[in-house]
*Asks:* 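Take a look at this one; I'll ask things after.
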2 protein chains.
Amino acid sequence: MQAGSSSSPKVTTLADVARLAGVSIATASKALNGRSQVREETRQRVFSAADQLQFSPNVLARHLLSGRSGTIGLVTHDLEGRFSIPTLMGAEDAMGTGRMSVLLCDARGDALRERHHVQALLGRRVDGLMIVGARPDPRSSLGRDLPVPVVYAYAPSEDPEDASVVTDNVAAGRIGAEHMVACGRERIAVITGDPTYGAAQDRVTGAQAALRDAGLDILGGSALFGAWSEEWGRSATAMVLGQHRDVDAIICGSDQIARGALDTLRERGLDVPGDVAVLGHDNWEVLATNARPTLTSIDMNLETLGRRAARRLFDAIEGHPTAGVEAVQSRLVPRGSTAPKA
Amino acid sequence: MQAGSSSSPKVTTLADVARLAGVSIATASKALNGRSQVREETRQRVFSAADQLQFSPNVLARHLLSGRSGTIGLVTHDLEGRFSIPTLMGAEDAMGTGRMSVLLCDARGDALRERHHVQALLGRRVDGLMIVGARPDPRSSLGRDLPVPVVYAYAPSEDPEDASVVTDNVAAGRIGAEHMVACGRERIAVITGDPTYGAAQDRVTGAQAALRDAGLDILGGSALFGAWSEEWGRSATAMVLGQHRDVDAIICGSDQIARGALDTLRERGLDVPGDVAVLGHDNWEVLATNARPTLTSIDMNLETLGRRAARRLFDAIEGHPTAGVEAVQSRLVPRGSTAPKA
DNA sequence: GCAGATTACGAAACGGTTTTCGGAAAACCT
DNA sequence: AGGTTTTCCGAAAACCGTTTCGTAATCTGC
């Protein structure tokens, strides 16, 4: 039987430790916290008593004095999705080292649920809030009159005075296009997803800028927008091949689209990267490493984003708030689908 | 600028509400909690004051009397992985309705880190613990002498007296094989992943049992073990076709393997599901729905698993602990890759 | 005007830690 | 030995905001 609520061993408190060590509570506290007014021998006795009882101090009681709870509230909008998880991991990582804990809530993209969760978290006296969006488009602010600092991650707040950490999608698009240019490609098509996503637009903008810097333009003059699916990648690639037989590179707005592109190219008997180089976005490992050939992709460094957001939140809690949007740079992860042109 | 810790509006307390409503703290408390000893007119005044101040009661202080914190600790071992997230979602879902909150920690498969997190969570006086594993194989118990109930999800505890909730992989394997049999398939190959995974073995066991019930056996006499990758799916399928040209169904241990199988079959000019039916496991949407044809798969109902685990944890917290392993059934999600044989 | 019901209030309790401050014991000096 | 300093330890207050208990005040009906 699981340790039930009745027969369960009690939680050990500082009083238990003090009793076992034969000292007062005050002395035990001072010994464990490295205060100086304790004899070394006594300190050792307290420490061994604490070890023996597996004592872990009651954080709530400790923070009673300081007025802080030592927890932050994390509201995510996309727990099942792919993008919030690495962000969450980075944040969790940044907590782990200190003695902050994370209260997790999933608002599922619903503003009402979000408000409800924020209220509940404030009721638990969190020291700060981190709001992780589902997609990179700006979102409405929670307002400036909250009693604790807030940091928005992935999806920035519309209010520029709020603190936001996002990915730099324009730069990401630029990185991809520059890589293609560096590989000696000159007839570069761009296939991307849902045009209502700011990220889709931004990546195209960045790619286009880089191509123009190299004296080129997107093949056909503009990017092909569609959906974030392999099917769209397949059909869009077929379209590109129909209009431009001599395409030598395809930049895709996501790894899914890139997988579709690779399939169509292989079925048409074209060699990747020999004839056509293919680049994805998001660096979704399971898609990129299983592709034939393995897929070069742009990684958004979401863990870094999460860590940065957490750090900014800590700073704000410590009394050093910062305003504005901070962008985290992406990085190229080269694999088999891109190579210098023979 | 983000509301800093100094200039921020104070958190409103019950005392603020009482002052604004012109009543005592005691009366305000009773009014908000629906106690009877309050005049209706007074109650309304308190409510409107609470609304006006956006009052949310301090949960920690409230639980001071009851001795409970209203939080549970959730330790996951696989935050970046695919399996713990739906479990976590189910658990979070079950919390949401009540007024429990979740403290999240990621132990990353490290036992030491796990102990550390458990200690930290106990220090926060969580009412219970939920341990979510990374893979379905049994794991060592945290022990029976913890001061709060524990439920193990996805990965069961080795101690049968602990409370565990897992997927029934034998039954899952059976469901898949029965589906193939129901489709009139008789020459059924099984390709699966890493043989050190209990789940891989169990699914094969279940499939084999179902086939024997139908008077059949796995094509070639035994399943092919390898890796959880598309590449293995491709090469293993090639192997199967080399030895058994007349195979009419392939059961794959994961959707990744199934994707590989589909690729090889298409390249050999075989029709799916006309010539060969293909079945995956895990129902990984992004893989299953983007496949050609879309992939029939077995869903482990992980959200249900998470909800069940949460429910059992609540029950234990309420004083009704249950021991032993509970299995959650999987379900078939039919898509385009399986169909009755013509 | 009085019993009984209703409504409101002051104060205690809840929890475990940190911290302050006073005092005891030991060490040191003359 | 006596005085002074240093070292070490313990009793008790403080911290938070809520709930609840006992009691007082007000109202209702006869």
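Chain letters run A, B, ... following the sequence lines, proteins first and then strands; every chain starts at 1. Computed from a prediction, not measured in an experiment: that's the story for all the values here.
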*Asks:* What's A:Ser29 touching, base or sugar-phosphate or nothing? Going by heavy atoms closer than 4.0 Å.
*Replies:* base

*Asks:* Apply side chain to side chain contact (heavy atoms under 4.5 Å, CB included) to A:Gln52 and list each qualifying residue two or more places apart in sequence or on a separate chain.
*Replies:* A:Leu20

*Asks:* Apply side chain to side chain donor-acceptor pair (under 3.5 Å) to A:Ser24 and list each qualifying residue two or more places apart in sequence or on a separate chain.
*Replies:*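 Here the qualifying residues are A:Thr27.
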
*Asks:* Residues of residues 47-59 of chain B with any non-hydrogen atom less than 4.0 angstrom from an atom of DNA chain D: list those, numerically ordered, please.
*Replies:*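 Output list: B:Phe55, B:Pro57, B:Asn58.
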
*Asks:* To the nearest Å, give me how far apart CG (B:Leu64) and P (C:dA12) are.
*Replies:*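 My rounded result for the distance is 17 Å.
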
*Asks:* Measure the distance from CG on A:Leu60 to P on D:dT18 and round it to the nearest whole Å.
*Replies:* 15 Å

*Asks:* Nearest 0.5 angstrom please: B:Arg307 CZ to B:Asn301 CG, how far?
*Replies:*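 Rounded to the nearest 0.5 Å, the CZ-CG separation comes out at 9.0 Å.
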
*Asks:* My understanding is that only residues two or more places apart in sequence, or in another chain, count here; which of them pass side chain to side chain contact (heavy atoms under 4.5 Å, CB included) with A:Ala61?
*Replies:*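 Per chain and number, A:Ala61 pairs via side chain to side chain contact (heavy atoms under 4.5 Å, CB included) with A:Asn58.
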
*Asks:* With sequence neighbours excluded, tell me which residues meet side chain to side chain contact (heavy atoms under 4.5 Å, CB included) with B:Ser141.
*Replies:* B:Tyr152, B:Ser157, B:Asp159, B:Asp162

*Asks:* Quick one: salt bridge (Lys or Arg N to Asp or Glu O under 4.0 Å) pairs with a partner in residues 16-29 of chain B, sequence neighbours left out?
*Replies:* B:Asp16-B:Arg19

*Asks:* Please report the interatomic distance CG(A:Leu53) to OG1(A:Thr12), rounded to the nearest 0.5 Å.
*Replies:*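 Here the rounded value is 5.5 Å.
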
*Asks:* Atom NE2 of A:His63 and atom C1' of D:dC16: how far apart are they, to the nearest Å?
*Replies:*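 After rounding, the reported distance stands at 14 Å.
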
*Asks:* Can you tell me how far P of D:dT18 sits from CG of B:Leu14, to the nearest Å?
*Replies:* 5 Å

*Asks:* I need the CZ-P distance between A:Arg125 and C:dG15, as an integer number of Å.
*Replies:*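 Roughly 20 Å, once rounded to whole Å.
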
*Asks:* Check nucleotides 22-28 of chain C for protein N or O atoms closer than 3.5 Å to its own N or O atoms and list the pairs.
*Replies:*
none

*Asks:* Can you list every pair that meets salt bridge (Lys or Arg N to Asp or Glu O under 4.0 Å) and has a residue in residues 112-129 of chain A, with sequence neighbours left out?
*Replies:*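 Of all non-adjacent pairs touching residues 112-129 of chain A, those that pass salt bridge (Lys or Arg N to Asp or Glu O under 4.0 Å) are A:Glu114-A:Arg139.
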
*Asks:* So, B:Arg45 and B:Glu41, do they make that salt bridge, N to O below 4.0 Å?
*Replies:*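 The answer is yes: the pair qualifies as a salt bridge.
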
*Asks:* Starting from P on C:dT18, measure out to CZ on A:Arg68 and report it in whole angstrom.
*Replies:*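 About 16 Å, once rounded to whole Å.
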
*Asks:* Mind checking the CE-OG spacing from A:Met89 to A:Ser84? Nearest 0.5 Å is all I need.
*Replies:* 12.0 Å

*Asks:* Under a 4.0 Å threshold between the charged nitrogen and the carboxylate oxygen, would B:Asp110 count as salt-bridged to B:Arg108?
*Replies:* no

*Asks:* Side chains of B:Ser101 and B:Met95: does their closest heavy-atom pair fall under 4.5 Å?
*Replies:* no

*Asks:* Can you list the residues that meet the side chain to side chain contact (heavy atoms under 4.5 Å, CB included) rule with B:Val165, with sequence neighbours excluded?
*Replies:*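 By the side chain to side chain contact (heavy atoms under 4.5 Å, CB included) rule, B:Val165 matches B:Val151, B:Leu305, B:Arg308, B:Ala309, B:Arg312, B:Glu326, B:Val328.
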
*Asks:* Just to verify, what does B:Glu80 make a salt bridge (charged side-chain N to carboxylate O under 4.0 Å, His left out) with, not counting sequence neighbours?
*Replies:* none

*Asks:* Treating primed atoms plus P, OP1 and OP2 as sugar-phosphate and everything else as base, which nucleotides of nucleotides 6-11 of chain D get B, S or - for protein heavy atoms under 4.0 Å?
*Replies:* --SBBB

*Asks:* Would you mind reading off the bend of the helix from C:dG1-D:dC30 to C:dT30-D:dA1 from its two end axes, five pairs each, to 10 degrees?
*Replies:*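 One end's axis against the other's: 40°.
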
*Asks:* Please report the distance, rounded to the nearest Å, between CG in A:Leu65 and P in D:dG17.
*Replies:*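 It is 13 Å, rounded to the nearest whole Å.
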
*Asks:* Just compare C:dG16, D:dT18, D:dT20 and give me whichever is closest to any side-chain atom of B:Arg35.
*Replies:* D:dT20

